[in-house]
Amino acid sequence: MNSIVISLGGLRVRYVGCYGGASVETPAFDRFASEGFTFDECFVETPSPAATRQAWWTARYQNFRDPDEPARPGTGHPCLIRAIRAARVRTVLVRDSSALVENSRVDSARFDQIIEIDRADGDSTSRVFEAARRWLAREASKGQFLLFIDCHGAHPPWYPPQTPDESDAELEAIETEQPVDGDADNGVAIDSSATHESSEPVSAADQARQTYAAVVSHLDAELGSFLDFMRGRAEWEPSLVVITSDCGTTLDDHKTATLDGSSLHEGRTHVPLLI
């Protein structure tokens, strides 16, 4: 059996229709939920993108440990990616999320292949999914695989959605394997107030929520396009497909502080899990 895992970073469950969200329509999520299983109570153990990824790659609890701290003594069990590779399953990571784990000791190097997509010049979600499509078209028929699609997603800074207009040569260039250390994200955030038609003053928190809703709608559209591509392929039926997130984005709608200064409220720790 093949596995395709899709992480849309920063996604809060209350903005997803199949979880009762009413702020934005999410037809792609909702259709996928109707085809499989929706887990209502999936919580990350710590709202840190780096720690969450370390837990994914190793299948070990991080216990709120700072990912930069020295590793604790192992239990003798192999890490998840290493175990999958030992079973002769190819592992590939397609991501534009390297800025989320910059300066953190996240062990993603055990994948057979890492395809890095540069996000520094704008939204890159469509390019991540396009790189995944191209990999599947080339490699899916060559044996069992785990394809992990790790999107920066709804984490800020937010960019206006753009329609990619790139040649095949440019797409091939962004798919080259690069060092795990990614470039910093130096983009300019969206000014959501530019599209707000009301003359009433809009608070910074309301602007953030409006822009976030637009970002989630964009992610849903990109996800839907990729899932439609997969539904037309032979790999769809015999594959395990998982959609989740690393943690929810902070929208300044809470005051809860934690030991490490981040937030532990539900919007940060409650994430979608659809299979």
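Count residues from 1 along the sequence. Values reported hereafter were calculated over all heavy atoms of this structure, with side chains retained and with hydrogens, waters and symmetry mates removed.
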TODO: Classify the side-chain pair D123/H152 by whether it contains a donor and acceptor separated by less than 3.5 Å.
DONE: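 D123 vs H152: no donor-acceptor pair found between side chains.
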- [ ] Determine whether the side chains of T250 and R12 contain a donor N or O and an acceptor N or O closer than 3.5 Å.
- [x]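 Distance-only check fails for T250 and R12.
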Open item on the list: What I want to find out is whether D96 reaches R127 closely enough, with some N-O distance under 4.0 Å, to be called a salt bridge.
Closed with: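 Salt bridge absent between D96 and R127.
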Open item on the list: I'd like to know if R14 pairs up with E266 as an ion pair, taking the criterion as any Lys NZ or Arg NE/NH1/NH2 lying under 4.0 Å from an Asp or Glu carboxylate oxygen.
Closed with: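 Judged by the 4.0 Å cut-off on N to carboxylate O distance, R14 and E266 do form a salt bridge.
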Where [X] and [Y] come nearest, the two heavy atoms and their spacing:
| X | Y | answer |
| --- | --- | --- |
| V13 | P272 | CG1-N, 3.3 Å |
| E41 | H270 | CA-NE2, 4.1 Å |
| V44 | C247 | CG2-CB, 4.3 Å |
| A234 | P238 | O-CD, 3.2 Å |
| V128 | C151 | CG1-SG, 3.8 Å |
| L80 | A59 | CB-CB, 3.7 Å |

Open item on the list: Enumerate the side-chain hydrogen bond (donor to acceptor under 3.5 Å, both in side chains) contacts for residues 20-39, please, sequence neighbours excluded, ordered by first and then second residue.
Closed with: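 Matches after skipping sequence neighbours: T26-D30, R31-E35, R31-D228, E35-R231.
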Task: With A140 via side chain to side chain contact (heavy atoms under 4.5 Å, CB included) - residues at least two apart - done: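 A140 satisfies side chain to side chain contact (heavy atoms under 4.5 Å, CB included) with L136, F145, R233, E235 only.
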[X] [atom1] to [Y] [atom2] distance, which is reported to the nearest 0.5 Å:
| X | Y | atom1 | atom2 | answer |
| --- | --- | --- | --- | --- |
| I117 | S97 | CD1 | OG | 10.5 Å |
| S245 | I6 | OG | CD1 | 12.5 Å |
| S7 | I149 | OG | CD1 | 10.5 Å |
| S98 | D118 | OG | CG | 8.0 Å |

Would you mind reporting whether [Y] and [X] have side-chain heavy atoms less than 4.5 Å apart?
| X | Y | answer |
| --- | --- | --- |
| D150 | V94 | no |
| V242 | L273 | yes |
| L251 | T249 | yes |
| L11 | V271 | no |
| R82 | R85 | no |
| R95 | I115 | no |
| E139 | R90 | yes |
| L147 | V5 | no |

Test item: [X] side-chain N/O and [Y] main-chain N/O as donor-acceptor pair under 3.5 Å:
| X | Y | answer |
| --- | --- | --- |
| S217 | A213 | no |
| S239 | S3 | no |
| W236 | G232 | no |
| R119 | S124 | no |
| R110 | I81 | no |

Open item on the list: For residues 5-40, which residue pairs pass the ring-ring contact (aromatic ring centres under 6.0 Å, His included) check, not counting sequence neighbours?
Closed with: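 For residues 5-40, and leaving out neighbouring residues, the ring-ring contact (aromatic ring centres under 6.0 Å, His included) pairs sorted by first residue read Y15-Y212.
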Open item on the list: In terms of relative ring orientation, are F148 and F111 parallel, tilted or perpendicular, with 30° and 60° separating the classes?
Closed with: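 The rings of F148 and F111 stand perpendicular, inter-plane angle above 60°.
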Open item on the list: Grouping I, L, V, M, F, W and Y whenever their side-chain heavy atoms are under 4.5 Å apart, do W57 and L240 come out in a common cluster?
Closed with: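 The answer is yes; both residues are in one hydrophobic cluster.
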